[in-house]
Amino acid sequence: MIMAAAAVRRGGSEAFFIGSQIQRCQMKIMGMILLSPTTSSRNHSNFISSSSSSSSSNSRDKHKNDDASSSFRYINDALAFFSSSSSISSRDKHQNDASSFRNIDDALAYFNHMLHRKPRPCIIQFNKLLSAIVKMRHYHDAVISLSKQMELAGLSPDTYTLHMLINCFFQLQRVDLGFSVLAKIIKLGLQLTIVTFNTLINGLCKVGKFGQAVELFDDMVARGYQPDVHTYTTIINGLCKIGETVAAAGLFRKMGEAGCQPDVVTYSTIIDSLCKDRRVNEALDIFSYMKAKGISPNIFTYNSLIQGLCNFSRWREASAMLNEMMSLNIMPNIVTFSLLINIFCKEGNVFEARGVLKTMTEMGVEPNVVTYSSLMNGYSLQAEVVEARKLFDVMITKGCKPDVFSYNILINGYCKAKRIGEAKQLFNEMIHQGLTPDIVSYNTLIDGLCQLGRLKEAHDLFKNMLTNGNLPDLCTYSILLDGFCKQGYLAKAFRLFRAMQSTYLKPNMVMYNILIDAMCKSRNLKEARKLFSELFVQGLQPNVQIYTTIINGLCKEGLLDEALEAFRNMEEDGCPPNEFSYNVIIRGFLQHKDESRAVQLIGEMREKGFVADVGTTA
DNA sequence: ATAGGGTTAG
């Protein structure tokens, strides 16, 4: 047993306990595997060998497994029994050490203590403290203010302090101030190092000024600085994040040729990017490749892959990955647990997610705002906003401050429960708490209003959003478009659609789907067809959903042969029908009393492991 | 320098 071996290596009974706990955590994933469809063939990555882009078709439909709940319950009961019969000592917390603090208040108190202590600690001690605050995220302004206090007290910053400041300014989107620190470094006569350039390049990438980052990269080379693995990795990361995978692969090869060997961070960056790009098989290839090169994966690598695999319901492989990680004595951390909780929640299994929460707590890993928010979202998706609210309050009680994400999740919960008053109240409360609503906050609330048919208020909020300097995105337009369509304001919907096309935004599949659906529902099949062909002109490839919408429209008009033809075309067009598509067309045949073809399709869908709706079979 | 949470369509 790998777990037992890992426990023995760690030595002691506590290690064994932790091992067993994790094993249970894995069993939950295993439970999901048993009830999920399995994997597909692998294809090779172009990342290592060539620079051409490929698209591996590893998209598959997710399956909800209601049957899973009973097997989960069994595991969780075992877990409950197990944890109640043992106690676990929490990990040592290094308090009063400048490198770890429970919260910002403790850190600030310690800062004052340090500043007034005689003799005063050296700049290195202060740097450690500031670095700890940076790691807490959210408190970059505090770091800036503390550094000012230090200078006023006659304590000169060193290069390390100034690099941290550059970071903080960029985090706060203040590019100008970031560069003013560079000026300061020069003025103080401090040496510009590769780290200075790396910090600036990274900051520029973070604020989306990728072009400037590349310029600075070229500039530093021109000045005779040799880029190191950090520099290359930063640029590769930037390229990956803007979807320039081919260019990233090119730079990856180039760094090797320049004698700079990619390290675990470089590989993890690429692996994560491939996973997010739905190219999990290629990510796995790179993973094998890096191991063959003798580079050991770390917790980042494993977390990226576990999430990538889970996102494609590849539970068996995800579990194997978790197992492999732990056999290397890399224990799951807050990120691993939070991502598992999030995925269980999205699968509709909040109960199971709570089990993971329990496990992690018993292992001495305290949930944070991400963990709580993921669970809150799970409840919101189950239309249990009351439970989500309870968690929100628990989180606050535990000293964990809700952020914009947590508020957005809860606002969405209330909107979906049609409790718009409470949603609005939270929106205001968020502002009162000093948080700034973002585009998602607006979109969520606008959607809530649209769903209730309160278009006037939705439109007011849209205008309000513009005045507050938030540019609408494709999602905003889709929400409003859907709102107009559902209320029958088709002319208004088209006006909005055309108005949007004259902005910097290009319509996407979602918008076409909304319009085509609306055209079908208003029995305007001619216009629906027109929109469908317009889609190709815009360079879009129809997806499963849009095909299903069209098929639905054709069925409603009784054009069953044409519907079936479109249905058969789906496979050839690289988007095979899913469970929903089958249900739509079968319902069409049944409604038009074509039972023989319906029965045939029901057989076909069952063969594929799909389940017929109650409405389809009844 | 790398990993986790939120909004839209059938």
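Here is the naming used below: chain letters follow the sequence lines, and residue numbers restart at 1 for every chain.
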*Stepwise, does the salt bridge (charged side-chain N to carboxylate O under 4.0 Å, His left out) test hold for A:Lys416 with A:Asp447?*
CA-CA 9 Å; A:Lys416 292 287 176 298; A:Asp447 185 52; 3.7 Å; yes
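Here B:dT8 presents its P atom at 15 Å from CG of A:Leu461, a figure rounded to the nearest Å. Distance CD1 (A:Ile166) to P (B:dA1): 12 Å, rounded to an integer number of Å. Protein atom CG of A:Asn443 is 12 Å distant from nucleotide atom P of B:dA9, rounded to whole Å. The CG atom of A:Leu339 sits 6 Å away from the C1' atom of B:dG4 (whole-angstrom rounding). Summarising the geometry, the separation between CD1 on A:Ile270 and P on B:dA3 is reported as 13 Å, rounded to the nearest angstrom. One interatomic measurement links the two molecules: CD1 of A:Ile306 to P of B:dG5, which rounds to 14 Å at whole-angstrom precision. Rounding to whole angstrom units, CE of residue A:Met360 and C1' of B:dG5 are separated by 13 Å. The interatomic distance linking A:Ile446 (CD1) with B:dT7 (P) rounds to 15 Å, in whole Å.
Checked by distance alone, A:Asn578 brings a side-chain donor or acceptor within 3.5 Å of a matching partner on the base of B:dG10. Between the side chain of A:Asn368 and the base of B:dG4, a donor-acceptor pair under 3.5 Å is found. Side-chain to base pairing of A:Ser478 with B:dT8: one donor and one acceptor N or O lie within less than 3.5 Å of each other. Residue A:Gln307 places no side-chain atom within donor-acceptor reach of the base of B:dA3, judged by atom type and a 3.5 Å distance cut-off alone.
Taking every side-chain heavy atom of A:Asp403 into account, B:dG5 is the closest of B:dT7, B:dG4, B:dG5. In this structure, the nucleotide among B:dG5, B:dA9, B:dA3 sitting nearest to the side chain of A:Asp272 is B:dA3. Of the candidates B:dT2, B:dA3, B:dG10, the closest approach to any side-chain atom of A:Asn298 belongs to B:dT2. Among the nucleotides B:dG4, B:dA9, B:dT2, the one closest to any side-chain atom of A:Ile334 is B:dG4. Among the nucleotides B:dT2, B:dT8, B:dG10, the one closest to the side chain of A:Ser581 is B:dG10. Of the candidate nucleotides B:dG10, B:dA1, B:dT2, B:dA1 has the atom lying nearest to any side-chain atom of A:Thr234. Each of B:dG10, B:dG5, B:dA3 was ranked by its minimum atom distance to the side chain of A:Phe580; first place goes to B:dG10.
Close to B:dT8, at under 4.0 Å from its OP1 or OP2, lies a side-chain N or O of A:Lys416. Note on A:Lys346: every side-chain N or O is 4.0 Å or more away from OP1 and OP2 of B:dG4. For A:Lys486, a side-chain nitrogen or oxygen approaches OP1 or OP2 of B:dG10 to under 4.0 Å.
Counted by atom type alone, A:Asn468 and A:Asn464 present one or more donor-acceptor pairs between their side chains at under 3.5 Å. With 3.5 Å as the limit, one finds no donor-acceptor pair spanning the side chains of A:Thr234 and A:Asn237. For the residue pair A:Asn377 / A:Ser374, no side-chain donor-acceptor distance below 3.5 Å is found, with atom types taken as modelled.
Between A:Tyr267 and A:Phe252, the distance from one ring center to the other falls under 6.0 angstrom. Aromatic ring centroids of A:Tyr547 and A:Phe580 lie 6.0 Å or more apart.
Across all strands shown, A:Thr231 has no heavy atoms under 4.0 Å from either base or sugar-phosphate atoms. Residue contacts for A:Asp228: at a heavy-atom cut-off of 4.0 Å it reaches no nucleic acid atom on any strand shown. If you check every strand for non-hydrogen atoms under 4.0 Å, A:Asn167 touches nothing. Looking at heavy-atom distances under 4.0 Å, A:Thr549 makes contact with sugar-phosphate atoms alone, never a base. Among the protein residues, A:Ser338 comes within range of the nucleic acid bases, having at least one heavy atom under 4.0 Å from a base atom. Within the nucleic acid shown, A:Ile411 has no heavy atom closer than 4.0 Å to any nucleic acid atom. Using a 4.0 Å heavy-atom criterion, one finds that A:Thr233 contacts the bases of the nucleic acid, with or without backbone contacts as well. Residue contacts for A:Thr336: at a heavy-atom cut-off of 4.0 Å it reaches no nucleic acid atom on any strand shown.
By the ring pair (Phe, Tyr, Trp, His ring centres under 6.0 Å) test, A:Tyr302 is found to be paired with A:Phe287, residues two or more places apart in sequence or in another chain being considered. For A:Phe589, there are no ring pair (Phe, Tyr, Trp, His ring centres under 6.0 Å) partners at least two apart in sequence or on another chain.
In summary, A:Lys486 and A:Asp517 do not engage in a salt bridge, as defined by a charged side-chain N under 4.0 Å from a carboxylate O.
Interatomic distance, A:His230 NE2 to A:Cys260 SG, rounded to the nearest 0.5 Å: 10.0 Å.
Listed in residue order, the members of residues 506-524 of chain A having a heavy atom less than 4.0 Å from DNA chain B are A:Val510, A:Asn513, A:Ile514, A:Asp517.
By the 5.5 angstrom centroid cut-off and the 30-degree plane limit, A:Tyr302 is classified as not stacked against the base of B:dA3. The ring of A:Phe300 does not lie on top of the base of B:dA3; it is either too far (5.5 Å or more) or too tilted (30° or more).
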